[in-house]
Amino acid sequence: MPRPNQTPERRLEFIPIVAKTFAELGYRRTTTSELAERCGVRENILYRLWPDKRTMFVASIDHVYQLSETTWQGLLVNADDSVSPAKLILNYEATHHGEFGLYRIVFTGLSETDDAEIAEAMKQLYGRFQRFVHRQVKVHQGSSGDVNPLDASMVAWAIIGLGTVANIGRELGLLSDRARRKLVGGIGEALLDER
């Protein structure tokens with residue numbers, strides 16, 4: 001009897017390690033040998049799961065989104081109705097945004113967009129983030145009772161931009177933790193509640 005295919009489980013096991021390695025070393029400095037060593041397996045095991053380094057990197061880009069969405073969905077499931085989903089996520093991100101350093105995968109991906117597969121993965125990543133945030137903004141705008149003159153789609157893009165700027169500030173040491181919290185939380189809420 002053939003053994004069951006464990007590829008999906010193995011990918012789930014290794015992708016946090018693979019993503020962390022790409023976040024630390026970038027795309028070009030990361031080797032499959034380094035990835036295998038950190039995963040505690042031989043390179044051929046990784047090649048059974050992903051055909052090449054580019055595919056491992058693209059999977060890491062997807063991991064960044066999946067981790068964010070899972071975290072946010074967990075917040076929303078356990079939330080009460082006193083705070084809108086958009087504000088709940090902003091409050092969480094004001095404290096926790098970028099703390100795992102996985103934003104470096106996004107920055108690296110942006111520098112590799114001359115590769116069509118990576119460019120497509122980046123488009124998908126930003127599109128998914130925008131759609132998720134947009135849904136939360138629309139719920140917030142609908143529940144507030146006041147008319148927000150700002151388009152929910154543009155507010156979602158602006159909030160994503162705030163997160164990006166906060167990560168740049170973290171990476172370059174330009175913004176303190178307090179300043180990043182104010183940027184993401186305070187300015188984000190101002191965008192949500194613009195009248």
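- Arg38 places none of its side-chain heavy atoms less than 4.5 Å from the side chain of Val18.
- The pair Glu112-Arg28 counts as a salt bridge, with a side-chain nitrogen and a carboxylate oxygen less than 4.0 angstrom apart.
- The main-chain N or O of His97 is found under 3.5 Å from a side-chain atom of Arg170 such that the two form a donor-acceptor pair.
- Minimum heavy-atom separation, Thr30 to Lys53: O-NZ, 2.8 Å.
- Residues satisfying the ring-ring contact (aromatic ring centres under 6.0 Å, His included) test with Tyr47, not counting sequence neighbours, are none.
- Other residues, nucleotides and ligands place more than 12 heavy atoms under 6.0 Å from the CG atom of Asn44.
- Hydrophobic clustering keeps Leu183 apart from Ile168 (ILVMFWY residues linked when any side-chain heavy atoms are closer than 4.5 Å, directly or through intermediates).
- Cluster membership check: Phe132 shares its hydrophobic cluster with Leu102, using side-chain heavy-atom separations under 4.5 Å among Ile, Leu, Val, Met, Phe, Trp and Tyr.
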May I have the step-by-step check of side-chain hydrogen bond (donor to acceptor under 3.5 Å, both in side chains) for Asn167 and Thr164, ending in yes or no? CA-CA 5 Å; Asn167 286 333; Thr164 301; 5.8 Å; no
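- To the nearest 0.5 Å, the span separating CD on Glu189 from NZ on Lys182 amounts to 13.0 Å.
- By the rule that hydrophobic residues join a cluster once side-chain heavy atoms approach within less than 4.5 Å of another member, Tyr103 and Ile61 end up as members of separate clusters.
- A distance-only check finds no donor-acceptor pair linking the side chain of Asp62 to the backbone of Val58 [under 3.5 Å].
- Here the straight-line distance linking atom CG of Leu49 with atom CG of Leu12 works out to 10.5 Å at 0.5 Å rounding.
- The two residues Glu117 and Thr55 come nearest to each other via the heavy atoms OE2-OG1, 4.0 Å.
- Not counting sequence neighbours, the partners of Tyr65 by the ring-ring contact (aromatic ring centres under 6.0 Å, His included) test are Phe129.
- Taking hydrophobic clusters as Ile, Leu, Val, Met, Phe, Trp and Tyr residues chained together by side-chain heavy-atom distances below 4.5 Å, Ile160 shares a cluster with Met154.
- Ring planes of Phe57 and Tyr27: tilted class, angle from 30 to 60°.
- For the pair Ser111 (side chain) and Thr108 (backbone), a donor-acceptor distance under 3.5 Å is present.
- Under the 4.5 Å side-chain contact rule for hydrophobic residues, Val83 and Tyr92 share a cluster.
- Not one N or O on the side chain of Lys20 forms a donor-acceptor pair closer than 3.5 Å with the backbone of Gly101.
- Taken from CH2 in Trp50 to CG in Leu35, the straight-line distance is 8.5 Å, to the nearest 0.5 Å.
- Nearest heavy atoms, Pro85 versus Leu76: CB-CD2, 3.5 Å.
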